[in-house]
Structures are given as C-alpha cells and as structure tokens.
Amino acid sequence: MQTFSLFSPQPDREQQAAEQLAQFLLRHPDVLLLTGAGISTASGIPDYRDADGVRRGNAPVQGPEFRRQEAVRRRYWARSMVGWPLLSRALPNAGHLAIAQLAQQGRIGGLITQNVDGLHQQAGSKDVTELHGSIHGVVCLACHASYTRRFIQDMLEQSNPQMAGAIATPAPDGDALLEPSQLATFHVPHCPQCGGVLKPDVVFFGDGVPPACAAEAQRKMEQASALLVIGSSVMVYSSFRLCRMAAETGKPVAAINLGKTRADHLLVFKTEAPAQAILPSVAALLNR
C-alpha cells in the first residue's frame, strides 16, 4: 500500500496526493464513496476514534440496553438534550461540498455514509445511503410513529427546565458529557400518541443495520468498480464488510483518512489528510 501524508515536509506531497486521487476517480467514474466521522470533524462534530482506531471516552449507549433499561434511556436523552443543539447547527464543510461537486461533475457513482448528521444532504448530495440512520428523526418503538428531533427537543426542554442552558463537553453524534447528578431529576420523553418508548432513528452500537439499508449498500457496492473510504477507520463491521466485499471481487479500495483503518491491508493506497483539505483540490483538478 502506498501512503501519502499532507503533513510530510515535502512541499509537493499534497499535489501528488490530489493527483493520485484524481487519477483514481478518472479510472473509476462509478466509484462508491464511504464516509465516516472524520469528514464531519471540521464542522465541529467530534469523532469516535483516535489515529490508532482506539475509541475515545466512555462506551456509547448499547441498543439492547436502551430498549430494556429506563436508566439508560434517561442517560441518553439527558445527554442528547444538551448535545443535540450543537449538532443541529453544524454546517457542511469543504469536504462535504467537494463530494457534492464531484457528483455533479459525474465523477463518482454512489455515496454511503456512516454519519447520522445529515451534512451530505445539506451540502447537496443526492441518494445518500445512511448506514446508521439519522439523528434528526425519532421513532416510537410501540406504535412506530415518527417525529422530528426538533419536536422532541421542544418536549425535552419543556419537561426539563432545570437543564436549560446546561454546559457540557460535546461528544459524537449529538451526545454530551454530563455529571451523573444532573440525571437524577431528568424526565424522559414518551410518545405523544401512545406513551411508548421513543428512540432516535439511528443504529445504536449492538444493533444491526436494517436489512433494507444493508441491501441498498450491497447493491451500490456491486454496481461500483472501486471503493473510496473517506474519514473512517472502518472499525465497525457494517462498513468493513463493504471494503472486504470490494477486495474479494477484485475492486480496488483506497482511503483518505488520518491514521489507521481496519482495512489497511486491503488498500491500494491511502492519503493521510483531512477530507476538507484534499477533496476540494481533487474536485478542482477534475474540473479543468
């Protein structure tokens, strides 16, 4: 595997990396893009892992525990009430915009994201497969009613005025780090229609990707002639399986990522660069 780093002292490294990526896209105009948390950090959204692929902070909420335990739901919704406003105000960065531009130029095939922030759509990308759902929706586990996250935020703030203006350290995907004492008096929201348990419309850790979404991602991979991973360590199986699927069918896999990925042994090359730095250069080269 060949690796390019934008942090190398050679002044032409960035240009070489951009040119190599541009050539990759020219050879594979139907390339499938798979994006992760690393593309959204420049929009102010923290990611899950460090450069070695090791998870930062405490373990995230597990889906089975969320459905089973009121205390886990209280922890989730309290932290989300404080953390979601930051995510809701996030704007697409140059990396998201460059991907939308590449699609408009006919330089890529499909787009799959592990992110739940909706920033690709805000940037103008179409037909985005959200592998892990969207944080901007909420569903009832009992009657299956759906709500916007904004509507549930209003409910949360009305039921928990003591939390108004709370300050906490932001965590990935609209989470925030709160002191346990702040959870004691927190009121968990329930479905306005049936009183059932409300869950964000995302795939929690410990849960599987919905079959229809997994099938859509597989179809996109089958239709593509190559895979480009952007801002993801692909440590979770739902994304790594796409890398493995590509490699097993003889399709080249490349990556733009700061640090280690689970698929390093499958890559034909990797560019260690922030997506917002390299992708606009690639789009500019291909637009000449």
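None of the values given here were measured: they were computed from a predicted structure. This chain uses plain numbering: 1 for the first residue, then up along the sequence.
Annotation for Ala17 and Thr271: closest pair CB-CG2, 3.8 Å, computed over non-hydrogen atoms. Residues Ala275 and Ile39 share a closest heavy-atom pair of CB-CG1, 3.9 Å. Summarising the geometry of Cys243 relative to Val253, their closest heavy-atom pair is O-CG2, 3.9 Å, with the distance given to 0.1 Å. The two residues Leu258 and Glu272 come nearest to each other via the heavy atoms CD2-C, 3.8 Å. Scanning all heavy atoms of the two residues, the minimum distance from Asn93 to Ser43 falls at ND2-OG, 3.0 Å. Of all heavy-atom pairs between Ala145 and Gln193, the closest is CB-NE2, 3.7 Å.
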Check your understanding: Can you check side chain to side chain contact (heavy atoms under 4.5 Å, CB included) on Leu198 and Ile152, steps first, answer last?
Key -> CA-CA 9 Å; Leu198 291 176; Ile152 301 302; 3.8 Å; yes
Exercise for review: Could you walk me through whether Thr35 and His120 pass the side-chain hydrogen bond (donor to acceptor under 3.5 Å, both in side chains) test, one step at a time?
Suggested key: CA-CA 10 Å; Thr35 68; His120 281 301; 2.9 Å; yes
Check your understanding: Run the side chain to side chain contact (heavy atoms under 4.5 Å, CB included) check on Leu34 and Ser239 step by step: do they pass?
Key -> CA-CA 8 Å; Leu34 171 64; Ser239 56; 3.9 Å; yes
Check your understanding: Can you check side chain to side chain contact (heavy atoms under 4.5 Å, CB included) on Leu279 and Ile230, steps first, answer last?
Key -> CA-CA 10 Å; Leu279 286 174; Ile230 302 173; 4.2 Å; yes
**Study point:** side chain to side chain contact (heavy atoms under 4.5 Å, CB included) between Arg79 and Arg75, worked out
**Key:** CA-CA 6 Å; Arg79 292 168 58 136; Arg75 172 196 163 205; 3.6 Å; yes
Practice item. Under the side-chain hydrogen bond (donor to acceptor under 3.5 Å, both in side chains) rule, what do Gln20 and Gln16 come out as? Steps first, then yes or no, please. Key: CA-CA 6 Å; Gln20 185 177 32; Gln16 288 179 18; over 6 Å; no
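There is no side-chain donor-acceptor pair under 3.5 Å between Ser233 and Thr261. Residues Glu216 and Thr129 bring a donor and an acceptor atom of their side chains to less than 3.5 Å of each other. A donor atom on one side chain and an acceptor atom on the other are not found under 3.5 Å apart for Ser238 and Gln114. His96 and Ser125 share no donor-acceptor pair across their side chains, judged by distance under 3.5 Å alone.
A salt bridge does not link Arg68 to Glu65: none of the charged side-chain nitrogens sits closer than 4.0 Å to a carboxylate oxygen. Here Arg150 pairs with Asp154 in a salt bridge; the nearest charged N to carboxylate O distance falls below 4.0 Å.
Ring pair Tyr76/Phe66 is perpendicular by interplanar angle, where above 60° counts as perpendicular and below 30° as parallel. Ring planes of Tyr237 and Phe240: tilted class, angle from 30 to 60°.
At distances below 3.5 Å, at least one donor-acceptor pair connects side-chain atoms of Asn115 with backbone N or O atoms of Gly36. Looking at Asn160, its side chain never comes within 3.5 Å of a backbone N or O of Phe186 through a donor-acceptor pair. Judged by distance alone, with hydrogens and angles left aside, the side-chain atoms of Arg107 form a donor-acceptor pair with the main-chain N or O of Leu286 at under 3.5 Å. Without hydrogens or angle criteria, Lys126 side chain to Ala103 main chain gives no donor-acceptor distance under 3.5 Å.
Side-chain contact check for Phe24 versus Pro252: some heavy-atom pair is nearer than 4.5 Å. Between Ser159 and Pro189 there is no side-chain heavy-atom pair separated by less than 4.5 Å. Under the 4.5 Å side-chain criterion, counting only non-hydrogen atoms from C-beta, Val188 is not in contact with Leu156. Using a 4.5 Å heavy-atom threshold, the side chains of Glu70 and Arg74 count as touching. With a 4.5 Å cut-off on side-chain heavy atoms, Pro280 and Gln101 do not count as touching. Residues Ile99 and Ile108 form a side-chain contact, since some pair of their non-hydrogen atoms from C-beta on lies under 4.5 Å apart. At a threshold of 4.5 Å between non-hydrogen side-chain atoms, the residues Ser225 and Val31 do not count as touching. Lys251 has its side chain out of reach of Leu227: every pair of non-hydrogen atoms, C-beta onward, lies at least 4.5 Å apart.
Ser40 OG to Asp117 CG: the interatomic distance, rounded to the nearest 0.5 Å, is 3.5 Å. Here CG of Asn287 is found 4.5 Å from CD of Gln105. Values are rounded to the nearest 0.5 Å. Rounded to the nearest 0.5 angstrom, Arg241 CZ and Glu248 CD are separated by 10.5 Å. Distance check, rounded to the nearest 0.5 Å: CD1 of Ile112 to OG of Ser232 gives 11.5 Å. Here CD of Glu130 is found 8.5 Å from NE2 of His136. Values are rounded to the nearest 0.5 Å. The CG atom of Leu21 sits 6.5 Å away from the CG atom of Leu228 when rounded to the nearest 0.5 Å.
Residues Trp84 and Met163 share a hydrophobic cluster, clusters being chains of Ile/Leu/Val/Met/Phe/Trp/Tyr side chains in contact below 4.5 Å. No chain of hydrophobic side-chain contacts below 4.5 Å, direct or via other Ile, Leu, Val, Met, Phe, Trp or Tyr residues, connects Val139 to Leu131. Clustering ILVMFWY residues whenever any of their side-chain heavy atoms sit less than 4.5 angstrom apart, transitively, puts Leu91 in a cluster other than the one holding Val116. A continuous path of Ile, Leu, Val, Met, Phe, Trp and Tyr side chains, each step under 4.5 Å between heavy atoms, connects Val202 with Trp77, placing both in one hydrophobic cluster. Under a hydrophobic-cluster definition in which Ile, Leu, Val, Met, Phe, Trp and Tyr are linked whenever side-chain heavy atoms come within less than 4.5 Å, directly or via other members, Val197 and Ile135 are assigned to the same cluster.
In summary, of the residues considered (Ser80, Ser88, Ser134), a side-chain hydrogen bond (donor to acceptor under 3.5 Å, both in side chains) with Arg149 occurs for Ser80 alone. Under the side-chain hydrogen bond (donor to acceptor under 3.5 Å, both in side chains) test applied with Glu222, the options Gln218, Arg219, Lys220 reduce to a single match, Gln218. Checking Lys199, Gln62, Arg67 one by one against Asp207, the side-chain hydrogen bond (donor to acceptor under 3.5 Å, both in side chains) holds for a single residue, Arg67.
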